[in-house]
**Student:** 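So that we are looking at the same thing, I have put the structure below in structure tokens.
Predicted model only: the values in this text are computed from it and were never measured.
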Amino acid sequence: LTGNHFKIKTAQLALEPFGITVEGYKTELPEIQDNNVVKIAKEMALTEAKKLGKAVVREDHGFAIESLQGFPGPYMAFVEKNLNPQQVLNLMKDEKNRNATFDLGMVYATPEGETVELLHQVQCQILQKIKTNEQLAKDKSYDPGWSTIIAFRDEERSWAQFPYQERMKAFTTNFRTLGEKLTNAK
């Protein structure tokens with residue numbers, strides 16, 4: 001349940017080996033406000049599965065910075081639109097603990113109300129400075145946003161500096177787990 005090209009591509013990459021076809025679907029439902037990404041995904045998935053009469057998948061993301069008491073959490077999309085990477089670095093300038101988690105909550109729901117609920121947490125950190133790559137720096141049509149200041153835990157390269165396929169391994173865990181569950185259920 002998304003019109004987000006990045007999320008659709010991620011799902012396709014992970015589910016294609018299982019023979020599962022992925023279609024994007026932009027829902028018009030308002031997203032519930034909650035601090036739990038799985039709860040947000042579940043509400044949307046159950047409602048849309050019943051409405052559409054077919055199984056759907058919804059994944060919601062959150063980003064929790066430890067030293068900021070879990071901020072911005074599931075409100076990351078809103079906050080990322082309003083705080084650029086340099087503003088986040090300014091906010092973090094005196095913080096020694098730069099650890100964070102990128103939370104990926106996924107729910108597969110059927111029209112009958114059955115669900116598979118998954119949560120994967122990617123351990124990461126806020127870097128000390130913006131790090132991009134030459135290709136991204138030249139491409140003025142693409143804004144890598146916070147991916148220029150976030151790195152996997154104990155890694156020096158920002159997410160923006162990682163090759164796409166390598167980076168996607170961390171973000172496709174829920175989809176691969178779902179693919180295995182659905183394939184084994186047949």
Side-chain angles (χ1 to χ4, degrees), residues 1-64 70 72-77 80 99-125 142 144-147 150-155 157-186:
L1 294 173
T2 187
N4 180 314
H5 178 70
F6 175 77
K7 287 183 180 181
I8 295 167
K9 189 172 181 180
T10 302
Q12 289 169 333
L13 180 72
L15 294 173
E16 189 175 84
F18 298 99
I20 299 171
T21 304
V22 176
E23 299 173 17
Y25 176 79
K26 187 165 174 61
T27 180
E28 300 301 321
L29 289 177
E31 189 170 278
I32 67 163
Q33 298 302 304
D34 196 277
N35 289 328
N36 182 315
V37 291
V38 174
K39 187 174 178 182
I40 295 167
K42 184 176 182 178
E43 179 76 23
M44 299 287 285
L46 283 169
T47 301
E48 287 294 338
K50 289 176 186 167
K51 177 181 158 189
L52 297 171
K54 62 181 178 180
V56 300
V57 174
R58 172 69 182 201
E59 185 173 71
D60 277 280
H61 302 163
F63 187 71
Y75 310 102
M76 181 182 178
E80 188 175 16
N99 291 337
T101 58
F102 187 69
D103 302 325
L104 299 107
M106 175 187 283
V107 175
Y108 168 87
T110 67
E112 297 77 33
E114 297 173 25
T115 62
V116 175
E117 300 173 31
L118 301 167
L119 175 65
H120 178 64
Q121 294 183 304
V122 178
Q123 301 301 309
C124 50
Q125 64 182 330
Y142 173 70
W146 287 17
S147 67
I150 300 171
F152 294 110
R153 193 84 45 97
D154 301 319
E155 172 67 53
R157 292 180 293 172
S158 74
W159 286 354
Q161 294 175 304
F162 264 80
Y164 179 78
Q165 294 291 345
E166 191 177 339
R167 188 176 68 213
M168 284 305 98
K169 290 177 188 169
F171 303 120
T172 58
T173 299
N174 281 341
F175 287 110
R176 290 192 315 267
T177 300
L178 179 63
E180 290 169 6
K181 287 180 180 280
L182 295 177
T183 302
N184 292 333
K186 291 181 180 178

**Student:** About how many Å separate CD of Glu114 and CG of Leu46, when rounded to the nearest 0.5 Å?
**Tutor:**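 Output value for this atom pair is 10.5 Å.
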
**Student:** Of all the heavy-atom pairs spanning Cys124 and Ile150, show the shortest one and how long it is.
**Tutor:**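 Shortest heavy-atom separation between Cys124 and Ile150 comes out as CB-CG2, 3.9 Å.
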
**Student:** For a 4.5 angstrom cut-off between non-hydrogen side-chain atoms, does Ser147 reach Glu80?
**Tutor:**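 Heavy-atom side-chain distance check fails, nothing below 4.5 Å.
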
**Student:** Taking all non-hydrogen atoms of both residues, which atom of Pro72 and which atom of Phe63 are closest, and how far apart?
**Tutor:**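 Taking every non-hydrogen atom into account, CD-O, 3.0 Å.
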
**Student:** Got a donor-acceptor contact below 3.5 angstrom from the Gln125 side chain to the Glu155 backbone?
**Tutor:**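 Confirmed, Gln125 side chain pairs with Glu155 backbone.
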
**Student:** Tell me, do Tyr108 and Lys181 make a side-chain contact under 4.5 Å, heavy atoms counted?
**Tutor:**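 SC-SC contact between Tyr108 and Lys181 ruled out.
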
**Student:** When rounded to the nearest 0.5 angstrom, what distance separates CD in Gln161 from CZ in Arg167?
**Tutor:**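 Separation between the atoms: 11.0 Å.
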
**Student:** Just wondering, more than 12 heavy atoms not from Gln123 lying within 6.0 Å of its CD?
**Tutor:**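 More than 12 within 6.0 Å, yes.
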
**Student:** Is there a side-chain contact between Phe175 and Leu13 (heavy atoms, below 4.5 Å)?
**Tutor:**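 Answer no - side chains too far apart.
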
**Student:** Any heavy-atom pair between the side chains of Val37 and Leu104 that's under 4.5 Å?
**Tutor:**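 Result no, sub-4.5 Å side-chain heavy-atom pair not found.
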
**Student:** How close do Pro111 and Ala55 get, counting heavy atoms only, and between which atoms?
**Tutor:**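 In this case the closest contact between Pro111 and Ala55 is CD-N, 3.9 Å.
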
**Student:** Taking the side chain as every heavy atom from C-beta outward, state whether Thr177 and Met106 have any pair of such atoms under 4.5 Å apart.
**Tutor:**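 No, side chains not in contact.
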
**Student:** How many angstroms lie between atom CG of Asp60 and atom CG of Asp103, to the nearest 0.5 angstrom?
**Tutor:**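 Going from CG on Asp60 over to CG on Asp103, the span is 11.5 Å.
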
**Student:** Supply the atom-to-atom distance Gln12 CD to Ile20 CD1, rounded to the nearest 0.5 angstrom.
**Tutor:**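 Answer rounded to 0.5 Å: 12.5 Å.
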
**Student:** Provide the closest heavy-atom pair for Val57 versus Leu178 in the form atom of the first, atom of the second, distance.
**Tutor:**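 In terms of heavy atoms, the two residues are closest at CG2-CD2, 3.6 Å.
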
**Student:** Check this for me: Lys51, atom NZ, are more than 12 non-hydrogen atoms of other residues, nucleotides or ligands nearer than 6.0 Å?
**Tutor:**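 Counting other residues, nucleotides and ligands, NZ of Lys51 exceeds 12 neighbours.
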
**Student:** Rounded to the nearest 0.5 Å, what separation is found between the CZ atom of Arg58 and the OH atom of Tyr25?
**Tutor:**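 Rounded to the nearest 0.5 Å, the CZ-OH separation comes to 11.5 Å.
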
**Student:** Please name the pair of heavy atoms, one in Val122 and one in Ala170, separated by the smallest distance, quoted to 0.1 Å.
**Tutor:**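 Minimum heavy-atom separation between Val122 and Ala170: CG2-O, 3.6 Å.
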
**Student:** Testing the basics here: between Ala109 and Ala49, what is the closest heavy-atom pair and its distance to 0.1 Å?
**Tutor:**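 Of all heavy-atom pairs spanning Ala109 and Ala49, the closest is O-CB, 3.6 Å.
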
**Student:** Does Thr115 use its side chain to pair, donor to acceptor, with the backbone of Glu117 at less than 3.5 Å?
**Tutor:**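 No, because the side chain of Thr115 does not come within donor-acceptor range (under 3.5 Å) of the backbone of Glu117.
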
**Student:** How far does CD of Glu59 sit from CG of Leu119, to the nearest 0.5 angstrom?
**Tutor:**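 Separation between the atoms: 10.0 Å.
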
**Student:** Going through the checks in order, is the side chain to side chain contact (heavy atoms under 4.5 Å, CB included) test met by Thr173 and Arg176?
**Tutor:** CA-CA 5 Å; Thr173 299; Arg176 290 192 315 267; 3.5 Å; yes

**Student:** Check ring-ring contact (aromatic ring centres under 6.0 Å, His included) between Phe102 and all other residues, then give those that pass, not counting sequence neighbours.
**Tutor:**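 Partners of Phe102 by the ring-ring contact (aromatic ring centres under 6.0 Å, His included) criterion, ordered by chain and then number, come out as His61, Trp159, Phe171.
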
